[in-house]
> 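Got a structure for you, questions after.
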Protein chains: 2
Amino acid sequence: MKRGKITMNDVAQLAGVSTMTVSNVINDRVRVSPEARERVLAAIRESGYQINAAARSLRSGRSGVIGLAVPQVGNPYFGMFAELVIAEARRHGYHIAVEQTGAVALGETAAVAQSRRLQLDGLILSLSTAEAESSLLQTTEQGLPIVVLGEQDPAGRFDHVSAPDEAGAAAATAHLVDLGCKRIAVVTGGNLDRLTMFTRRYNGYRTALEDRGIRPDPKLRFIVDSLTREGARSTGHRIADSGLGVDGVVALNDIVAMGVIRGLRDRGVAVPDDMRVIGFDDVPAAAYFIPSLSTVSPDHEWKAAKAVELILSRIEDPLAPPREYTAPFAIVRRESTA
Amino acid sequence: MKRGKITMNDVAQLAGVSTMTVSNVINDRVRVSPEARERVLAAIRESGYQINAAARSLRSGRSGVIGLAVPQVGNPYFGMFAELVIAEARRHGYHIAVEQTGAVALGETAAVAQSRRLQLDGLILSLSTAEAESSLLQTTEQGLPIVVLGEQDPAGRFDHVSAPDEAGAAAATAHLVDLGCKRIAVVTGGNLDRLTMFTRRYNGYRTALEDRGIRPDPKLRFIVDSLTREGARSTGHRIADSGLGVDGVVALNDIVAMGVIRGLRDRGVAVPDDMRVIGFDDVPAAAYFIPSLSTVSPDHEWKAAKAVELILSRIEDPLAPPREYTAPFAIVRRESTA
DNA sequence: TTGTATGCGTTATCAT
DNA sequence: ATGATAACGCATACAA
């Protein structure tokens, strides 16, 4: 049991074979005689040898590590999603390195650059800004396989897995209509000019209303004060104080939904008695909130598995045409719309 | 703008200097003439050169990456903590790679092995099993700098940052006593034989009661059914159904506290009207829960900064004596103990 | 089946 | 201040 760094060469000497035989045993490459293999394995055990990832990566050009870049690891949705991706990648013999972009173009671009620096084999990028797009294009040209989640590349140049934004939001809205809500507000994000996740969920809301002969009232469209729990809470205050007779709220995601409910509660508005609220994502906390949160539940496992599948085939074949998938979903009815 | 891999050599040729000069410019090592530096920087920009981390790491023996191994990235506490550590490490020019151990010894040991494989410069390890200890010891001997969070190494052989478990739980309990609670239950984790986080928080509860002349009633000690939201919820059911006249609950952490409140609510027990509940950690969701959760709020920034500081000095000086720190805390009073 | 030579891209050392 | 050379540890290509 030697200390410090033991190299393949040390193992080879110990086993009385050449370095290549050790390498072959480790990588299970060519056929190695049972005796040689046994001696090598024994030498590895005995020496406590650990393969040097840097050297292997330098030589082979592959690291066995895939990056997962998310806006914030502390966000319940991305935290849960990261767990699933980590588990799925491990099943395929890959390791996930979690990056944090801060949901800004700069961070997303940096994650891409970082990925190349770190010799990642690919990057699963949860995109939230279209601004990062140009640098992405540049990057793929330089050969980093990328799978995009969330925001869509309008040009369709990347493999992409998206949430069922429109259909999910439409189903959520329909759920409220079916429950008899007459004045259904929507809480969405900032700029609705570009086709972002916000826009698509908002469009789902509109479509659902129009399909049922209800004219969407622009006054019932609330832009969340900021994409934080606090911003959602104060938006809840605004809804409560609006005097618009709101009796249902479609929130753009669960964090916002819970924040809004909290804000309503600050104003003495009870959910679901006075107002019904439905979210989007089905984060783990949703079922344990009080009231438990009705929500659009995309198939997270499916999404994670698809993202991993896509990045692996992209690594395999960089020139294949990009593929595009949308996760299936279900509406989960809980107390907040009871 | 060449495609594919541009090496330092390419940059050097482009700038009309040697590779070493490029290296020196990039690493800001020795004095380089302003003209040479300018030419090199221009060549880097023009070529889109990215340093090859594998090669650098192989040569220098350092990767600039520190591992952060946590039980689950999806856990709100660890997610939040990871965010802080990432930010702090970046300030020092280091990159964080988040690992997930699954809170099992096997995973924790694996994270350590993985860290060496991946040529991480150090590992901040949130330990939850004492079983991982032996392999840790072995590892440090082999030279991987480690800072341990959470579970304490009884032998005190590692740098360590812990939460104010005893003092925090004691203060939480005292808070309930001060509010007039007479039958204060505690919800804690499994095995109380070893000195784990559970044990220490439980001890804090006991001490606080005894200090105020209250004999801790063993019947009021509830072992959480499992360390999940669902386990906490069913523990809430048990407390509600116990007929023990519980009027206050000290929960071992916020996730458990919220789960318990949810379980109580399932049984029609209102918090804080019928029973007061206090948690531990002050996770981001705590302030937005309904009722908002009173809790022990350790200084998370402080903890993150300390962990990074410790790992950096450990990397700097592997032989320095281990240091031990406990985070300061405050009791945050919210609705759940109003 | 196994071994030898070579080079991946960078940096430490030494020389100029 | 800058350059030449070697070496980090592994795997590819080829030879034996």
Side-chain angles (χ1 to χ4, degrees), chain A residues 2-41 43-44 47-65 113 115-121 142-143, chain B residues 2-41 43-44 47-65 116-121 142-143:
Chain A
K2 171 175 162 182
R3 59 189 57 198
K5 24 195 158 186
I6 301 111
T7 75
M8 232 177 212
N9 227 321
D10 299 330
V11 174
Q13 286 195 295
L14 229 150
V17 298
S18 78
T19 333
M20 268 326 290
T21 302
V22 177
S23 177
N24 285 331
V25 168
I26 287 175
N27 295 294
D28 219 26
R29 254 170 226 299
V30 296
R31 303 174 59 71
V32 178
S33 73
E35 312 87 65
R37 149 171 278 105
E38 206 32 73
R39 287 219 308 283
V40 168
L41 291 176
I44 289 177
S47 61
Y49 169 73
Q50 288 274 330
I51 200 159
N52 182 321
R56 161 185 279 187
S57 177
L58 173 59
R59 178 63 235 222
S60 70
R62 290 200 172 191
S63 63
V65 181
S115 299
R116 283 193 291 151
R117 256 196 9 79
L118 297 175
Q119 311 301 120
L120 301 187
D121 292 344
Q142 296 188 15
Chain B
K2 170 175 162 182
R3 60 187 56 199
K5 23 194 157 188
I6 301 110
T7 75
M8 230 178 215
N9 227 320
D10 299 330
V11 175
Q13 286 195 294
L14 229 151
V17 298
S18 77
T19 333
M20 267 326 289
T21 301
V22 178
S23 176
N24 285 332
V25 168
I26 287 176
N27 295 293
D28 217 28
R29 257 174 221 300
V30 296
R31 302 175 58 70
V32 178
S33 73
E35 312 88 65
R37 149 171 277 104
E38 207 30 73
R39 287 218 308 283
V40 167
L41 291 175
I44 289 176
S47 61
Y49 168 74
Q50 289 275 329
I51 199 159
N52 182 320
R56 162 183 278 185
S57 177
L58 173 59
R59 179 63 237 217
S60 70
R62 288 199 173 192
S63 62
V65 181
R116 282 192 291 150
R117 257 197 9 79
L118 297 176
Q119 311 301 120
L120 302 187
D121 292 344
Q142 298 188 13

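A, B, ... follow the sequence lines: proteins, then strands. Residue 1 opens every chain. The shown structure was predicted, so the numbers you read here are calculated from the model rather than taken from an experiment.
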> Both B/Ser18 and A/Asn24 contact DNA chain D. Which one's nearest nucleotide lies toward the 5' end?
B/Ser18

> B/Arg37: which residues meet the side chain to side chain donor-acceptor pair (under 3.5 Å) condition with it, sequence neighbours left out?
B/Asp28

> Taking atom C1' of C/dT1 as reference, at what distance in whole Å does atom CD of A/Glu38 sit?
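To the nearest whole Å, that distance equals 17 Å.
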
> Whole angstroms only, please: what is the CD-P distance between B/Gln13 and D/dA4?
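Computing the B/Gln13:CD to D/dA4:P distance gives 12 Å.
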
> Pairs under 3.5 angstrom, nitrogen or oxygen only, protein versus nucleotides 12-14 of chain C, please.
| residue | atom | partner | partner atom | Å |
| --- | --- | --- | --- | --- |
| C/dA12 | O4' | B/Arg59 | NH2 | 3.3 |

> Between C/dT4 atom C1' and A/Asn9 atom CG, what is the distance in whole Å?
12 Å

> Touch check for B/Ala54, heavy atoms < 4.0 angstrom, all strands: base, sugar-phosphate only, or nothing?
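The answer is nothing, as B/Ala54 stays clear of every strand by at least 4.0 Å.
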
> In whole Å, what is the span from the CD1 atom of B/Ile51 to the P atom of C/dC8?
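From B/Ile51 CD1 to C/dC8 P: 17 Å.
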
> Looking only at the side chain of B/Ser23 (C-beta and beyond, no hydrogens), which of the listed nucleotides D/dG9, C/dG9, C/dT11 gets closest?
C/dT11

> Please check the phosphate of D/dG3 (OP1 and OP2 only) for any side-chain N or O of B/Thr21 closer than 4.0 Å.
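Result: yes.
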
> Evaluate the side-chain proximity of B/Ser23 to B/Ile26: yes if any heavy-atom separation is below 4.5 Å, no if none is.
no

> What does the inter-axis angle of the helix from C/dT1-D/dA16 to C/dT16-D/dA1 come out as, five pairs per end, nearest 10 degrees?
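Rounded to the nearest 10 degrees, the bend comes out at 30°.
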
> Please give, in whole Å, the distance from C/dG9 C1' to B/Ile6 CD1?
13 Å

> OP1 or OP2 of C/dG9 sitting under 4.0 Å from any side-chain N/O of B/Thr7?
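No.
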
> Should A/Asn27 be listed as having a side-chain N or O under 4.0 Å from OP1 or OP2 of D/dA11?
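It does, given that an N or O in the side chain of A/Asn27 lies less than 4.0 Å from OP1 or OP2 of D/dA11.
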
